[in-house]
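Have a look at the structure below, then the notes.
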Amino acid sequence: MVAATFAFLLSASLIAVSASPTKTPFSLNRRSDGFPYPLDDVDKLEEASLAKYEAYLAKKNDTHGCTLENASKRQEWHDMTIPQREEYIRAVLCLQSLPPKADKAKYPGVMNRYDDFVLTHETQAMHLHSTPHLFPAHRVYIWAYEKALRDECGYTGWQPYWNWGRTASDPINSPLFNGNMSSMGGNGKKSEYPGVPTMAFKPPFDMIPSDLGGGCVTEGPFKNMTISLGPIGRIIPDVPANPRADGFGANPRCLRRDVNRHASAVLYANYTYALIKEANTIDLFQKNMLGMPEKNDWGVHMAGHYTIGGDPGGDFYSSPGDPIFWFHHGMVDRIWWIWQMQDPENRMNVLPESPAKDDFVDLNWTAKRADTWDLVDSIGGMGGEFCYIYV
Ligand SMILES: *[C@@H]1O[C@H](CO)[C@@H](O)[C@H](O)[C@H]1NC(C)=O
Ligand SMILES: *[C@@H]1O[C@H](CO)[C@@H](O)[C@H](O)[C@H]1NC(C)=O
Ligand SMILES: *[C@@H]1O[C@H](CO)[C@@H](O)[C@H](O)[C@H]1NC(C)=O
Ligand SMILES: *[C@@H]1O[C@H](CO)[C@@H](O)[C@H](O)[C@H]1NC(C)=O
Ligand SMILES: *[C@@H]1O[C@H](CO)[C@@H](O)[C@H](O)[C@H]1NC(C)=O
Ligand SMILES: *[C@@H]1O[C@H](CO)[C@@H](O)[C@H](O)[C@H]1NC(C)=O
Ligand SMILES: [Cu+2]
């Protein structure tokens, strides 16, 4: 901030003497107060790409007034101050204490407003995860969640993200997972957890070995959290089945996790960097991100989910029931954006399998229906309601 103000004053005075209208290039002004996470190769790539994106935006006249300068800045958890982290956590707990909007008669497992979001992911699972929708629909989904935290729970910040590389070597001892009251932790109790069944589509299903957890989360702000919806997908054997076949019944149980180093070992920044640099088409970018489960290549998206595992984190349908979900998918959204910025002219307006012009994303009670092609740019997309970037 100080540096930004200084740069602004400096450029203003230069303009005064030289009358040059040159605009100061946009800069992220990340927090850099000596916190022990130096910029990694993906962060550096992000910074190096901004000028191209800025030039692209300058030519684009439909950003609804959103600019890089006034876009909201989603921060990495470790770059937030402890009071900011605590404010975020309070808002999540608040959402978990508000009444749901979904019809309780139809979906008795929905206990609170937070569960509305979980239910959306369950009922709309195929819509959210169809090939063209994975990126744009999750973008709307995260945006709607962030909006609920702000509008319904008074949160004044933005949705944080999880830079996987920062925690790859030892996730459980990071301020994201360590079980501190200002973390999103902690781990589950060590249990007979068999590990994470991966999404290999054919038996024998690959299992990622368990780490130090697997049972109920016993510390941190979510130790009292009650999971109710689901499970729906294949999950650890001792999670009780839902009383309803569709998984929408009330099935109260604890939050379980196994913060897992075997899975996080493929989340070092070099994996994400290679993913961004090596895919020249959006189809390949998405395919590589999703990996090849049948060949034990999990891809960074699944590896992030597997790093949490447990219940509901290990259930494809119910995974947003673990509040870390939003951090993980924030990072997915961020690297899509960084991929786009490598060549904005050719990458801002492409989607996997190029859906029809009138294609739409409908998250029902969670967000209003949106044109899929209006979701590709986080600066001005969704009719101007998107106005954010990642720093
Ligand atoms: C952008 O500006 C050009 C030239 O002024 C104009 O032809 C075009 O319709 C504008 N597009 C939008 C989306 O406003
Ligand atoms: C950003 O600034 C422009 C004017 O420069 C304004 O039209 C727009 O509403 C602002 N948007 C936000 C989100 O502040
Ligand atoms: C835990 O949080 C407190 C503030 O809530 C902070 O002072 C302390 O440094 C944190 N400890 C760790 C290990 O993150
Ligand atoms: C969990 O619930 C107990 C009993 O209601 C309460 O004393 C405690 O403060 C709660 N802890 C958290 C982290 O919410
Ligand atoms: C990332 O770095 C690790 C450790 O140096 C190495 O084992 C791994 O193969 C690298 N992965 C990629 C995708 O480059
Ligand atoms: C949710 O939206 C989809 C797509 O528009 C629609 O087919 C479905 O009926 C809606 N479901 C509910 C419960 O409103
Ligand atoms: Cu999803």
Side-chain angles (χ1 to χ4, degrees), residues 40-42 45 86 89-97 112 114 117-145 164-165 168-169 178-186 199 216-226 229-230 232-233 254-255 261-262 264-279 286 288-292 296-306 308 312-333 335-336 361 363 366-367:
D40 63 31
D41 286 347
V42 176
L45 184 61
E86 289 171 344
I89 290 165
R90 272 198 303 277
V92 176
L93 293 170
C94 156
L95 214 55
Q96 292 176 349
S97 72
N112 55 55
Y114 186 93
F117 287 85
V118 183
L119 179 68
T120 298
H121 195 264
E122 294 174 336
T123 58
Q124 300 289 86
M126 297 312 143
H127 188 64
L128 268 156
H129 300 103
S130 67
T131 302
H133 287 175
L134 181 73
F135 292 142
H138 281 79
R139 179 168 277 182
V140 178
Y141 187 47
I142 298 166
W143 168 84
Y145 179 68
W164 308 309
S169 63
N178 68 12
N180 199 333
M181 287 305 284
S182 61
S183 77
M184 296 297 292
M199 284 213 349
C216 297
V217 168
T218 57
E219 53 182 4
F222 302 105
K223 71 172 186 184
N224 288 343
M225 185 177 168
T226 301
L229 289 159
I232 297 178
C254 68
L255 171 67
R261 285 168 293 185
H262 304 290
S264 72
V266 294
L267 289 175
Y268 286 99
N270 63 332
Y271 286 90
T272 306
Y273 182 84
L275 168 68
I276 297 169
K277 292 295 268 190
E278 285 169 13
Q286 177 162 311
N288 290 352
M289 179 184 291
L290 297 179
M292 286 172 291
N296 255 346
D297 164 7
W298 312 323
V300 293
H301 165 257
M302 287 318 303
H305 282 294
Y306 297 155
I308 312 305
D315 175 9
F316 168 76
Y317 295 88
S318 315
S319 53
D322 186 319
I324 202 67
F325 173 92
W326 311 95
F327 290 60
H328 173 54
H329 268 276
M331 179 68 171
V332 170
D333 191 51
I335 65 177
W336 175 30
V361 168
L363 300 185
T366 297

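Note that these values count all heavy atoms, side chains included, but never hydrogens, waters or copies made by symmetry. As the structure lists them, so they are numbered: ligands from 1, and atoms in each ligand from 1. Everything numeric in this text was worked out from a predicted model, so none of it was measured.
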Next item on the list: Considering non-hydrogen atoms only, spot the tightest contact between Tyr114 and Pro320 and give its length.
Entry: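 Shortest heavy-atom contact: OH-O, 2.6 Å.
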Notebook entry, point to check: Do you know which two heavy atoms are closest between Met181 and Gly220, and how far apart they sit?
Noted result: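 Residues Met181 and Gly220, closest heavy atoms: SD-C, 3.6 Å.
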Margin query: Using a 3.5 Å distance criterion without hydrogens, assess whether the side chain of Asp315 forms a donor-acceptor pair with backbone atoms of Ile232.
Written below: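 Side chain of Asp315 to backbone of Ile232, a donor-acceptor pair under 3.5 Å: yes, one is there.
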Note to self: Please check: side-chain N/O of Asp322 versus main-chain N/O of Pro312, any donor-acceptor pairing under 3.5 Å?
What the structure shows: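 Side chain of Asp322 to backbone of Pro312: no pair is present.
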Notebook entry, point to check: Does atom 2 (O) of ligand 4 have any protein heavy atom closer than 4.0 Å?
Noted result: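 Protein heavy atom within 4.0 Å of atom 2 (O) of ligand 4: present.
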Note to self: Is atom 5 (O) of ligand 5 touching the protein, meaning some protein heavy atom lies under 4.0 Å away?
What the structure shows: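 No, there is none.
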Check: Do His329 and His301 have side-chain atoms, one donor and one acceptor, less than 3.5 Å apart?
Finding: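 A donor-acceptor contact under 3.5 Å links the two side chains.
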Next item on the list: Could you name the option among Leu275, Asn270, Leu267 that has the heavy atom nearest to atom 10 (C) of ligand 5?
Entry: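 Looking at heavy atoms only, the winner is Asn270.
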Margin query: For Tyr271, state whether at least one heavy atom is located under 4.0 Å from any atom of ligand 5.
Written below: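 Per 4.0 Å heavy-atom rule, Tyr271 contacts ligand 5.
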Next item on the list: Please could you name the atoms of ligand 4 that Met181 approaches to less than 4.0 Å, counting only its heavy atoms?
Entry: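 So the atoms of ligand 4 that pass are 13 (C).
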Check: Should you measure from each heavy atom of Gly220, which atoms of ligand 4 turn up under 4.0 Å away?
Finding: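 Matching atoms, with element in brackets: 13 (C).
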Next item on the list: Quick one: look up the protein heavy atom nearest atom 12 (C) of ligand 4 and list residue, atom name and how far away it is.
Entry: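 The closest heavy atom on the protein side is Asn224 ND2, 3.4 Å.
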Notebook entry, point to check: With a cut-off of 2.8 Å, does any N, O or S atom of His121 fall short of it relative to the Cu ion (ligand 7)?
Noted result: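 So His121 counts as coordinating the Cu ion (ligand 7), yes.
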Note to self: Before we go on, tell me: are the rings of His138 and His129 under 6.0 Å apart, centre to centre?
What the structure shows: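 When the ring centroids of His138 and His129 are compared, they turn out to be within the sub-6.0 Å range.
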